[in-house]
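A quick write-up on the structure given underneath.
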Amino acid sequence: MSVTIVVGSQWGDEGKGKIVDLISQDADIVARYQGGANAGHTIVIDGKQYILHLIPSGILNPDCICVIGNGVVIDPIALQNEIEMLESHNISIRGRLFISHKAHLIMPYHKLLDQVREKDAKGNAIGTTGRGIGPAYFDKATRSGIRIVDLLDKERFEQKLRVNIEEKYNILNKIYGFEKIDIDSLVEEYLSFDTEIDDLITDTTLLLNTAIKENKKIVAEGAQGALLDIDHGTYPFVTSSNPISGGACTGLGIPPTAISKVIGIVKAYTTRVGNGPFPTELNDDTGEKLRKIGAEFGATTGRPRRCGWLDLVALKYSVMINGISEIALTKLDVLDEFEEIKLCTTYKYKGRSLKSFPVDMRTLDNLECDYVTVKGWKRTLHGTKNWADLPIEALNYFKIIEDTTGAEVKIASLSPDRADTLIK
Ligand code: GDP
Ligand code: IMO
Ligand code: MG
């Protein structure tokens with residue numbers, strides 16, 4: 001059993017990119033299992049920053065093979081830009097990046113539909129990234145999606161595209177007044193994309209299952225986070241896929257019996273970008289301080305992230321649904337200057353403590369949080385070399401998290417840089 005799943009435990013942007021890059025230094029394969037270019041995974045090595053949206057965060061390790069699984073929705077423009085960005089840094093992807101022929105394609109009309117729906121929704125907008133994610137998964141679920149494999153047969157691709165465009169542009173043209181687009185040029189654009197990525201496309205299900213049989217080390221990389229999961233997150237303010245660990249099996253075509261470990265990436269406080277409930281949100285100077293020190297601005301859209309204290313109720317729920325046994329706690333250094341740090345321990349609704357993470361939006365929007373307050377460490381963690389050198393206040397913070405969730409804090413991240421990380 002050789003698959004380790006790395007999952008975001010909160011509302012995304014926990015630092016998955018940094019940790020996946022770190023642990024994939026001795027992995028054979030890193031495979032992304034869901035989401036699309038809505039993700040922004042940041043890796044910093046020796047001060048040099050890379051932001052990845054579709055390509056797995058193992059790509060900076062030259063011996064690591066990277067897989068974009070069937071559960072991912074692929075925007076050719078985003079993928080090409082990313083390949084170019086990596087090649088401009090002399091990072092070669094040829095022969096070590098493989099794309100599932102079952103993955104669905106994001107088309108220009110998906111992005112348009114995503115953006116106009118958001119604009120139209122006004123007060124009810126989700127706050128999506130506008131990358132066409134919802135409409136692409138809509139087509140997948142309604143069985144009209146176009147997959148990578150369809151690019152292999154020009155006639156079939158063109159026929160599918162015509163049917164889709166007819167339907168989509170009925171909405172886009174009649175309701176929103178968009179001009180009809182030129183199907184021929186779209187067909188050419190996607191076929192030229194196919195030529196470029198032709199040698200990367202393969203049966204990744206077979207590739208991964210063969211690697212599992214050979215006992216290779218595989219890291220399954222999730223995008224977004226558990227609370228953005230379409231089934232288990234704060235619906236409807238979620239993304240349109242399953243970021244939770246269970247999504248790795250469907251998103252890669254690997255059996256649950258192959259999974260040996262689930263690592264949860266947990267930011268030492270909480271952030272959320274986009275709309276939706278956020279019980280521990282701080283709309284005050286403290287929230288602003290977290291945003292400023294943590295540089296909490298989206299890696300994909302640049303939007304300011306909403307900030308708040310660590311929410312142990314949500315985290316306990318996340319640990320449960322993901323089966324997290326180990327936690328990588330990131331951005332601890334952001335709390336360096338805080339005299340006191342708070343952690344939410346209980347949700348109260350109408351004066352009563354809740355036993356579990358609520359599902360109803362009316363409850364989620366009207367919760368009161370009980371907090372425990374702990375002393376901050378008030379020193380810079382940056383550059384700490386050993387776990388034992390961490391201040392007692394930080395270790396105490398870990399203990400509260402461990403006692404509440406039952407998962408062990410095994411990795412502590414002290415700055416964006418790969419090197420500034422402690423492993424217990
Ligand atoms: P992801 O989507 O989960 O991969 O996370 P993002 O890359 O969107 O956001 C995490 C941000 O925090 C990035 O800018 C990282 O470079 C940065 N980061 C990661 N770990 C740490 C850390 O331990 N300390 C600090 N200060 N920044 C970190
Ligand atoms: P990474 O992988 C944080 C949020 C959007 C919005 C909701 C739905 O970098 O952690 P979508 O475009 O998916 O339809 O938007 O989900 N969202 C993310 N928030 N990190 C992400 O990815 C996100 N991907 C989507 O802001 O609230
Ligand atoms: Mg991100």
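Counting convention: from 1, in listed order, for ligands and their atoms alike. All values derive from a computational prediction rather than experimental measurement. Values below: every heavy atom of this structure, side chains too, minus hydrogens, waters and symmetry copies.
The closest donor-acceptor contact from the side chain of Asp139 to the backbone of Ser144 lies at 3.5 Å or more, if one exists at all.
In this structure, Ser415 has a heavy atom closer than 4.0 Å to ligand 1. At least one heavy atom of Gly40 sits less than 4.0 Å from an atom of ligand 2. Contact between Gly127 and ligand 2 is present, with at least one heavy atom of the residue lying under 4.0 Å from the ligand. Not a single heavy atom of Arg131 sits closer than 4.0 Å to an atom of ligand 2. Residue Thr301 places every heavy atom at 4.0 Å or more from ligand 2. Using a 4.0 angstrom heavy-atom cutoff, Gln10 does not count as in contact with ligand 1. Between Gly40 and ligand 1 there is a heavy-atom distance shorter than 4.0 Å. Within the 4.0 Å heavy-atom cutoff, Arg303 counts among the residues contacting ligand 2.
Both the sub-6.0 Å distance and the 45° axial angle are not jointly satisfied by Lys331 relative to the ring of Tyr269.
Counting only heavy atoms of the protein, atom 17 (N) of ligand 2 lies nearest to Leu228 CD1, 3.8 Å.
Taking every heavy atom of Ser413 and a limit of under 4.0 angstrom, the matching atoms of ligand 1 come to 20 (N), 21 (C), 22 (C), 23 (O). Close approach of ligand 2 to Ala223 (heavy-atom distance below 4.0 Å) involves ligand atoms 2 (O). Close contacts of ligand 2 with Trp11, meaning ligand atoms under 4.0 Å from a residue heavy atom, involve 3 (C), 19 (N). Of all atoms in ligand 2, listed by their number and element, those nearer than 4.0 Å to a heavy atom of Ala39 are 1 (P), 2 (O), 9 (O), 22 (O). Below 4.0 Å from some heavy atom of Lys18 lie the following atoms of ligand 1, by number and element: 20 (N). Atoms of ligand 1 lying under 4.0 Å from at least one heavy atom of His41, given by number and element, are 1 (P), 2 (O), 4 (O), 7 (O). In the vicinity of Gly17, heavy-atom distances shorter than 4.0 Å reach the ligand 1 atoms 4 (O).
For ligand 1, the polar-atom distance check finds an N/O of Gly15 within less than 3.5 Å of one of the ligand's N/O atoms. Residue His41 has at least one nitrogen or oxygen atom sitting less than 3.5 Å from a nitrogen or oxygen atom of ligand 2, judged on distance alone.
Here Lys16 fails the criterion, with no N, O or S atom under 2.8 Å of the Mg ion (ligand 3).
Between the side chains of Ser92 and Arg94, not a single donor N or O lies within less than 3.5 Å of an accepting N or O.
Of the listed options Leu332, Val273, Thr42, Thr42 places a heavy atom closest to atom 7 (O) of ligand 1. Of all the listed residues (Thr42, Thr234, Thr239), Thr239 holds the heavy atom that lies closest to atom 11 (P) of ligand 2. Comparing Arg305, Gln34, Lys16 by heavy-atom distance to atom 10 (O) of ligand 2, the nearest is Lys16.
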